[in-house]
Asker: 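Pasting in a structure now, in structure tokens, and then I'll have a few things to ask.
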Amino acid sequence: MTATLAQETSSPPPGPVADRTRRLRRRGKIIALLFVLPALLLLGALVVYPVLFSIGRSFFDASGTSFVGGDNYAEMFRDPATLKAVRNTAIWVVIAPALLTGLGLILAVLVEKVRWATAFKLLLFMPMAVSFLAAGIIFRLAYDEDPDKGVLNAAVVSVHDAFKGESSYPTARARDAHGLTKDKDGSYRTSTSVAPGDAVALGLVGVQPDDLPGGAEPAYAAAARKAAADELRGVVYLDFKPGGGGEQGKVDRGESGLPEMKVEAVRDGETIAATTTTADGSFRFEGLASGSYEVRLPSSNFAQPYDGVSWLGPALVTPAIIGAYLWIWTGFAMVLIGAGLSTLPRDALEAARMDGANEWQIFRRITVPLLAPVLSVVFITLVINVMKVFDLVYIIAPGPVQEDATVLATQMWLVSFGGGNNQGLGSALGVLLLLLVVPAMVFNVRRFRRSQR
């Protein structure tokens, strides 16, 4: 009892202890503030100040000297180019995040069943290491309309030609007033009627001798043959003699026949018979009824080669750029969803299999509902990213269709620095873009906080 009283009388009073505790807490706050201060300064200089400056600048004219109030915001929705940018941005927001989330989910589920899952994920994630600038250049070349340059059109042309073939004589044409008349559909027909027992020579020009099909033979001997009484015979030849000379409209020695040319015998506008020229350009129709006919060279002989799809034309430029965006971000969505998939309770999946559920039912009724929080985070993150897309649109879209592909970010740059020189209107567009992004950011932050709890 005496020792306890002695200790109590010798301990310091509570006042100095409380003051010391307050001083330590104050010192800790000051030290924490000093550590945070550089980040706060950078945040203020790079985020807060530009936002406030842009909001203020949006109320001034192009020169920045005259206060115009809300005129820039009104002009923003009267400008057709800006309205098109808003429409294209809406297309991006609706299509790109949904496609990416769906692709990421499907790939994440399928990769689990692949033996080399890690290598496959790495392969799909690699485009994330490519900058948007480099990816834009890659896809600008891939979408080139020239099949000799653009890999996509090269593939499309190859498939098209494999099924439909191509004309051997796209540049061929008939000389004026030399026995052939051109129709509106691009075909040629004889100027005068012919009948069984006749032989005709159909001369064409515009074909380089080096462009003739392999195996083409001289047409002189074929042109010299006489037709039987019940047949219509002729020859289609290149009315050009290498080295010069010769007579126009007549088959000369050294002039080549045009093989693989489609020829038709026509009567009263109806095709009675059809054939194809041989190596020396000759053809014949047997068993024709007596009467007058026309010999026609169909337009398919002169069809221009198929050049593929105009990927960067006004109609397809936005889907084409979205395709490039999907190539870059699919790996990101797959890896993120795959991480969520790895945390799913396996006992629920096994219980469903034990109850007789097939894989589609498990995917639709168990996997997707359990992954809903992850899917929503991925979707909203992609929505925020899509609203700010700039590099791909600016690089991939050619100048003539830049306006057809423009989004809010590119329109803001074009109005402010790309020739418009109207920073007031550009700032208003920036504020609009900020207002569109903020709700998605708030949703994402709240989702993260709920998941942490």
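When reading the values below, keep in mind they use all heavy atoms of this one structure, side chains included, and skip hydrogens, waters and symmetry mates. Position 1 is the first residue of the sequence; numbering continues from there.
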Asker: For S427 and S54, does a side-chain donor sit closer than 3.5 Å to a side-chain acceptor?
Answerer: no
Asker: With side-chain contact (heavy atoms from CB on, under 4.5 Å) as the criterion, how do F283 and V200 come out once you've worked through the C-alpha distance, each side chain's angles and the decisive distance to 0.1 Å?
Answerer: CA-CA 10 Å; F283 65 91; V200 294; 3.9 Å; yes
Asker: Quick check: are there more than 12 heavy atoms from other residues, nucleotides or ligands sitting under 6.0 Å from CZ of R365?
Answerer: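 Open: at most 12 neighbouring heavy atoms sit under 6.0 Å from CZ of R365.
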Asker: Quick one: do R225 and D280 satisfy salt bridge (charged side-chain N to carboxylate O under 4.0 Å, His left out)? Show the steps, please.
Answerer: CA-CA 12 Å; R225 298 190 190 105; D280 57 3; 3.7 Å; yes
Asker: Please check if the side chain of N301 supplies one atom and the backbone of M261 the other of a donor-acceptor pair under 3.5 Å.
Answerer: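 Checked: no pair found.
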Asker: Please check if the number of heavy atoms outside E403 that lie under 6.0 Å from its CD is greater than 12.
Answerer: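 Not more than 12 within 6.0 Å, no.
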Asker: For E286, is there an ion pair with R284 - N to carboxylate O distance below 4.0 angstrom?
Answerer: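 Salt bridge present between R284 and E286.
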Asker: When you look at CE of M128, are more than 12 heavy atoms from neighbouring residues, nucleotides or ligands closer to it than 6.0 Å?
Answerer: yes
Asker: Taking atom types as modelled, find out whether T192 and T190 have a side-chain donor-acceptor pair closer than 3.5 angstrom.
Answerer: no
Asker: How long is the straight-line distance from CG of L432 back to OG1 of T82, given to the nearest 0.5 Å?
Answerer: 9.5 Å
Asker: What's the verdict on side-chain contact (heavy atoms from CB on, under 4.5 Å) for Y188 and T181, showing C-alpha distance, side-chain angles and the deciding distance?
Answerer: CA-CA 5 Å; Y188 286 94; T181 301; over 6 Å; no
Asker: Does I337 reach the side chain of L375, with side-chain heavy atoms less than 4.5 Å apart?
Answerer: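 Counting from C-beta outward, I337 and L375 do come under 4.5 Å.
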Asker: Look at R353 together with E359 and state whether they make a salt bridge at an N to O cut-off of under 4.0 Å.
Answerer: yes
Asker: Can you confirm whether more than 12 heavy atoms, excluding those of D268, are under 6.0 Å from its CG atom?
Answerer: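 No, CG of D268 has 12 or fewer neighbouring heavy atoms, counting only those of other groups under 6.0 Å.
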Asker: Is it true that N153 and Y306 share a donor-acceptor pair across their side chains at a distance under 3.5 Å?
Answerer: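 Result is no, nothing qualifies.
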Asker: Could you tell me whether a side-chain N or O of T89 sits under 3.5 Å from a main-chain N or O of A85, the two making a donor and an acceptor?
Answerer: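 Confirmed, T89 side chain pairs with A85 backbone.
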Asker: Quick one: sort the Y394 and F390 rings into parallel, tilted or perpendicular, breaks at 30° and 60°.
Answerer: parallel
Asker: For E294, is there an ion pair with R296 - N to carboxylate O distance below 4.0 angstrom?
Answerer: no
Asker: Taking atom NZ of K84 as the centre, report whether more than 12 heavy atoms of other residues, nucleotides or ligands fall under 6.0 Å from it.
Answerer: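 Yes, the 6.0 Å shell around NZ holds more than 12 heavy atoms from other groups.
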